[in-house]
Novice: 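One structure is given below, represented as structure tokens, and several questions about it will come after.
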Amino acid sequence: MNKPIFAVVLLAVSCTVQAKLPAPTEEQKAAAAATKDKQAWTDKVAAYKLCLAQDRVAAHYFKTKGSGGKPSAALPACADPGPYVAQVAASKEVGVADSKPVPEAGKKK
């Protein structure tokens, strides 16, 4: 009898105690975007390495079995993603220097 009542009270208290997290700052958003970008590149590298391994296995199979040579269907070549290049996040100050007036150089007092 006490267990269901205790469970209901515990559920009601836990629902009211949940705190709301603050909104992420610009730095946190930029860090999250950089992490997401890096993870996407890592996934591309993993897919490339898997493609190379599959090509090696297929080449070995066709070499040892010798049945018919290469498969008739042409498969796309493995695409190397290249080295990781971090995406530079644009800030609010980008391009502002171009719009500000330049003090006159060589102006005498």
Side-chain angles (χ1 to χ4, degrees):
M1 178 77 179
N2 289 337
K3 288 183 181 181
I5 294 173
F6 180 70
V8 170
V9 170
L10 185 62
L11 179 66
V13 170
S14 66
C15 290
T16 59
V17 174
Q18 290 180 350
K20 186 175 180 180
L21 296 174
T25 63
E26 293 298 322
E27 292 84 18
Q28 290 172 334
K29 289 179 185 177
T35 303
K36 184 177 179 182
D37 184 49
K38 177 79 175 194
Q39 184 62 42
W41 178 80
T42 304
D43 291 343
K44 289 179 186 177
V45 169
Y48 174 67
K49 289 181 179 180
L50 176 64
C51 181
L52 292 178
Q54 289 173 338
D55 286 348
R56 284 193 308 269
V57 169
H60 178 71
Y61 174 79
F62 288 119
K63 179 181 169 186
T64 57
K65 295 297 179 186
S67 59
K70 300 267 180 180
S72 61
L75 298 175
C78 300
D80 186 7
Y84 176 70
V85 178
Q87 298 291 329
V88 178
S91 65
K92 294 178 183 178
E93 295 297 320
V94 172
V96 174
D98 296 331
S99 65
K100 292 182 181 177
V102 178
E104 295 178 28
K107 183 177 179 181
K108 297 183 180 179
K109 293 182 182 178

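These figures come from a predicted structure and were not determined experimentally. Just so you know, residue 1 is the first one in the sequence shown, and it goes up from there. Computed over heavy atoms, backbone and side chain alike; hydrogens, waters and symmetry mates excluded.
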Novice: With a 4.5 Å heavy-atom cut-off, do Lys49 and Val45 have their side chains touching?
Specialist: yes

Novice: Roughly how far apart are Arg56 CZ and Leu52 CG, rounded to 0.5 Å?
Specialist: 6.5 Å

Novice: So, for Ala23 and Gln28, which heavy atoms are closest and what is the spacing to 0.1 Å?
Specialist: O-OE1, 4.4 Å

Novice: Output side-chain donor-acceptor pairs under 3.5 Å for residues 33-42, partner residues at least two apart or in another chain, one line each.
Specialist:
{"from": "Thr35", "atom 1": "OG1", "to": "Ala31", "atom 2": "O", "distance (Å)": "2.8"}
{"from": "Asp37", "atom 1": "OD2", "to": "Tyr84", "atom 2": "OH", "distance (Å)": "3.4"}
{"from": "Gln39", "atom 1": "NE2", "to": "Asp43", "atom 2": "OD1", "distance (Å)": "3.0"}
{"from": "Trp41", "atom 1": "NE1", "to": "Gly82", "atom 2": "O", "distance (Å)": "2.9"}
{"from": "Thr42", "atom 1": "OG1", "to": "Lys38", "atom 2": "O", "distance (Å)": "2.8"}

Novice: Can you list the residues that meet the side chain to side chain contact (heavy atoms under 4.5 Å, CB included) rule with Asp80, with sequence neighbours excluded?
Specialist: Tyr48

Novice: Run the side chain to side chain donor-acceptor pair (under 3.5 Å) test against Thr64 and tell me which residues pass, sequence neighbours left out.
Specialist: none

